[in-house]
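Since the model is a prediction, treat every value here as computed from it, not as a measurement. In what follows, chains carry the letters A, B, and so on, assigned in the order in which the sequence lines appear, proteins first and then strands, with residues in each chain numbered from 1. The figures that follow rest on heavy atoms only: side chains count, while hydrogens, waters and symmetry mates do not.
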Amino acid sequence: MPELPEVETARKVLENALDREISAIDDTDHWVCRPHPPGEIAHALVGGRLTAAHRRGKTMWCETDTGHTLGVHLGMGGRVVVTNDQGERVGGGPERPDRQPRKPEWNRFTMVFADGGEFRLFDKRRLGRIRLDPSLDGVGPDAEHISPTEFRARISRTGTAAGGAGGVGRRSRTAVKARLLDQSVLAGVGNLLADEALWRAKINPAARADELDRKDLDRLYRNLEKSLKSAIANGGVHTGEVIEHRHPGGHCPRCGAEMRHGTVGGRSTWWCSREQA
DNA sequence: ACTCGTGTTAGCTG
DNA sequence: TCAGCTAACACGAG
């Protein structure tokens with residue numbers, strides 16, 4: 001589930017874990033906690049406190065008073081749960097009835113607080129990640145806060161060795177959707193959000209990034225921001241206007257033409273056969 | 001039984 | 001050296 005809007009929700013949940021003494025940590029899931037051997041994260045953080053919860057794109061990290069930071073990534077389906085001293089969930093609103101149950105065996109990381117509450121990462125597929133002192137070098141500017149000028153530059157131009165991810169190098173011949181999905185170009189856009197923004201902007205996902213003109217790029221920017229705001233306000237990217245039509249036999253909710261399906265940038269992609277031809 | 005997937009990344013290729 | 005693609009990761013859902 002998680003793209004930028006869902007991760008922002010998770011970050012707010014994580015704020016309920018701040019300023020509480022850490023009394024124990026279960027970091028024994030070697031896959032989710034890689035490359036740290038079991039006990040390493042616990043050794044670094046037990047006795048300290050989390051002091052702030054940050055997010056850039058889909059990457060979250062907590063500051064602590066131990067000299068370390070704690071990186072939290074939800075992967076494809078991770079969920080953050082924080083409980084109070086009564087064991088009750090805090091933050092994140094009421095449980096959604098349609099949501100999958102959180103089986104205990106999907107709990108991949110547990111931080112126990114001295115007050116009896118916990119912070120846990122649930123992730124059935126184990127594609128999420130908990131990491132000590134993560135580097136943010138490969139993470140581009142947050143999609144929600146990037147300026148239109150920087151957006152145009154980074155989508156249509158590659159980076160250089162010195163410049164990092166994008167915006168200052170050669171024209172990028174790759175598909176515009178692949179640029180949107182590249183977290184070093186722009187952080188936070190996932191597969192569904194990319195399809196939604198491109199559909200709203202009426203741009204073919206496979207169009208070469210460097211062949212979009214300024215008008216196209218500005219329209220894409222505006223529609224990406226609208227898609228993001230709408231997803232944050234409505235509770236997730238799955239609430240996008242075109243998302244429910246991403247299936248065989250689906251039709252464009254604007255013009256009624258058939259939706260087409262293919263692979264762009266290595267990901268399953270749906271677009272309107274008429275408006276995004 | 002078999003394929004796919006709302007994400008990331010190591011490793012390969014040109 | 002670097003942009004860009006693919007497989008791998010793990011496991012439930014269709």
*Over how many whole Å does the gap from A:Lys58 atom NZ to B:dT9 atom C1' extend?*
13 Å
*How close or far is atom C1' of C:dC9 from atom CE of A:Met76, stated in whole angstroms?*
10 Å
*So what does A:Gly266 hit on the nucleic acid, given a heavy-atom distance under 4.0 Å: a base, only sugar-phosphate, or nothing?*
nothing
_Ion pair A:Asp216/A:Arg219, N-O distance below 4.0 Å_ = yes
*Side-chain donor/acceptor of A:Arg125 to base of B:dG5, under 3.5 Å*: yes
*In whole angstrom, what separates A:Arg173's CZ from C:dC2's P?*
19 Å
*asked:* Using a strict threshold of under 4.0 Å (side-chain N to carboxylate O), is an ion pair present between A:Arg246 and A:Asp195?
replied: yes
*Residue A:Gln183, side-chain heavy atoms: nucleotide from B:dT8, C:dC11, B:dG5 that is nearest*: B:dT8
*Under 4.0 Å between a side-chain N or O of A:Arg129 and OP1 or OP2 of B:dT8?*
no
*Proximity to the side chain of A:Glu3 - top-ranked nucleotide from B:dT6, C:dG12, C:dA10*: B:dT6
*Using the closest heavy atom to pick a nucleotide of DNA chain B for each, name whichever of A:Arg131 or A:Leu192 lands nearer the 5' end.*
A:Leu192
*Check the distance between C:dA13's P and A:Leu127's CG and give it to me in whole angstrom.*
15 Å
*Taking the P atom of each, how far is B:dT8 from C:dA13, in whole Å?*
22 Å
*asked:* Distance check needed: C:dG12 C1' versus A:Arg108 CZ, whole Å only.
replied: 11 Å
*Would you call A:Arg20 and A:Asp115 a salt bridge, using N to O less than 4.0 angstrom?*
yes
*Please measure how far the P atom in C:dG12 lies from the corresponding atom in B:dT9, and state the result in whole Å.*
23 Å
*Which nucleotide in the list B:dT9, B:dG5, B:dT6 gets nearest to the side chain of A:Ser268?*
B:dG5
_Any A:His73 side-chain nitrogen or oxygen under 4.0 Å from OP1 or OP2 of B:dG7_ = no
*May I have the distance from A:Leu74 (atom CG) to B:dT8 (atom C1'), rounded to whole angstrom?*
13 Å
*Expressed in angstrom and rounded to an integer, what is the separation of A:Arg79 atom CZ from C:dC11 atom P?*
19 Å
_So if I take every side-chain heavy atom of A:Lys124 and compare against C:dG12, B:dG7, B:dG5, which nucleotide ends up nearest?_
C:dG12
_Who pairs with C:dC2 - Watson-Crick or G-U, where each distance is under 3.5 Å_ = B:dG14
*Give the nucleotide from the list C:dA10, B:dT8, C:dA3 with an atom nearest to the side chain of A:Arg126.*
C:dA10
_Output the rounded distance in Å from NZ (A:Lys177) to C1' (B:dG7)._
13 Å
*asked:* Looking only at the side chain of A:Thr158 (C-beta and beyond, no hydrogens), which of the listed nucleotides C:dC9, B:dT6, C:dA3 gets closest?
replied: C:dA3
*asked:* With a 4.0 Å cut-off on N to O distance, would you call A:Asp218 and A:Arg222 a salt bridge?
replied: no
*Should A:Arg179 be listed as having a side-chain N or O under 4.0 Å from OP1 or OP2 of C:dG4?*
yes
*asked:* I'd like to know if A:Arg208 and A:Asp210 make a salt bridge, using a cut-off of under 4.0 Å between side-chain N and carboxylate O.
replied: yes
*A:Lys58 bridged to A:Glu8 by N-O distance under 4.0 Å*: no
_Spacing of the C1' atoms in B:dT6 and C:dG4 (rounded, Å)_ = 22 Å
